[in-house]
Amino acid sequence: MRRAAAATMMLIGASNPTLASEWIGRWGAPNCAREATIIGLSPKQLDLSTFETYCQSVRSKKQPDGYELTAQCSGEGRPMRVSFFIRVEANELTFTRLRGFDFDPKRFRRC
């Protein structure tokens, strides 16, 4: 029974990158200390409040070199549709390209 459940979860995760994504979680730059820049990424929301921006996820798509996250963001000014291209290696997340909204830093560690 447990094997069947585990196999089903693996199949669901493999067919839906949002559920199985390694990018989901809290990330900090340069680390996760109190004074660090902290962001939160989930399948439904991208918490970029450090940059005075909040985003509702529209889509996540696995790419050969990482993930493309498309979101509807709001902050100062009018709402905007943005795309973030990210790569995760071990416990490091890097924003490799940003379309529609730019910020620094680009490299974060998992908290």
Side-chain angles (χ1 to χ4, degrees):
M1 182 79 164
R2 281 185 156 177
R3 284 186 187 174
T8 301
M9 291 305 290
M10 286 175 53
L11 181 61
I12 291 170
S15 66
N16 187 345
T18 299
L19 294 177
S21 290
E22 55 200 342
W23 54 267
I24 294 171
R26 288 179 39 84
W27 302 87
N31 53 40
C32 297
R34 186 187 320 234
E35 65 278 352
T37 301
I38 305 291
I39 62 172
L41 306 179
S42 77
K44 296 192 183 278
Q45 186 175 17
L46 310 179
D47 178 1
L48 304 174
S49 57
T50 300
F51 307 108
E52 299 179 3
T53 301
Y54 297 90
C55 303
Q56 295 298 316
S57 298
V58 174
R59 183 184 82 210
S60 65
K61 184 176 179 185
K62 176 82 169 118
Q63 300 288 341
D65 59 343
Y67 298 91
E68 176 184 8
L69 309 178
T70 304
Q72 186 72 27
C73 298
S74 59
E76 290 186 21
R78 298 174 57 186
M80 60 193 147
R81 191 172 188 118
V82 301
S83 293
F84 302 109
F85 297 86
I86 58 175
R87 182 177 58 240
V88 178
E89 296 173 326
N91 286 322
E92 185 173 277
L93 179 141
T94 304
F95 286 85
T96 57
R97 290 179 306 205
L98 306 171
R99 198 176 311 151
F101 177 64
D102 195 11
F103 59 83
D104 280 312
K106 304 273 193 291
R107 187 166 287 151
F108 293 80
R109 292 226 159 292
R110 185 177 294 280
C111 294

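No experiment lies behind these values; they were computed from the predicted model shown.
Residues in residues 83-97 take part in these salt bridge (charged side-chain N to carboxylate O under 4.0 Å, His left out) pairs, two or more places apart or across chains: Arg87-Glu89, Glu92-Arg107, Glu92-Arg109. A salt bridge (charged side-chain N to carboxylate O under 4.0 Å, His left out) check over residues 65-80, counting only residues at least two apart or in different chains, returns the pairs Arg59-Glu68.
Side-chain contact between Tyr67 and Leu41 is absent, with no heavy atoms from C-beta onward closer than 4.5 Å. Residues Thr70 and Arg81 have side chains in contact (heavy-atom distance under 4.5 Å, counting atoms from C-beta outward).
The CD1 atom of Ile86 sits 10.5 Å away from the CG atom of Leu98 when rounded to the nearest 0.5 Å.
Applying the ring-ring contact (aromatic ring centres under 6.0 Å, His included) test to Phe101 and every residue at least two apart in sequence or in another chain returns Phe103. Applying the side-chain hydrogen bond (donor to acceptor under 3.5 Å, both in side chains) rule to Ser49 yields the partners Asp47; only residues at least two apart in sequence or on another chain are considered. Partners of Asp102 under the salt bridge (charged side-chain N to carboxylate O under 4.0 Å, His left out) rule, at least two apart in sequence or in another chain, are Lys106. Listed by chain and residue number, nothing satisfies the side-chain hydrogen bond (donor to acceptor under 3.5 Å, both in side chains) test with Gln72 (two or more places apart in sequence, or in another chain).
Remark: the backbone N or O of Gln45 is paired with a side-chain donor or acceptor of Ser42 at under 3.5 angstrom. Without hydrogens or angle criteria, Thr96 side chain to Phe85 main chain gives a donor-acceptor distance under 3.5 Å.
Put simply, Leu48 and Val58 are part of two different groups of oily side chains (I, L, V, M, F, W, Y) that touch within less than 4.5 Å, one to the next.
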Taking distance alone, no hydrogens or angles, what donor-acceptor pairs closer than 3.5 Å link side-chain atoms of residues 26-36 to residues at least two apart or in another chain?
residue : atom : partner : partner atom : Å
Trp27   : NE1  : Trp23   : O            : 2.9
Asn31   : OD1  : Ala33   : N            : 3.0

Show the atom names and distances, to 0.1 Å, of all donor-acceptor pairs under 3.5 Å that link a side chain in residues 50-57 to residues at least two apart or in another chain.
residue : atom : partner : partner atom : Å
Thr50   : OG1  : Ile38   : O            : 2.9
Thr53   : OG1  : Phe51   : O            : 3.1
Ser57   : OG   : Pro43   : O            : 3.3

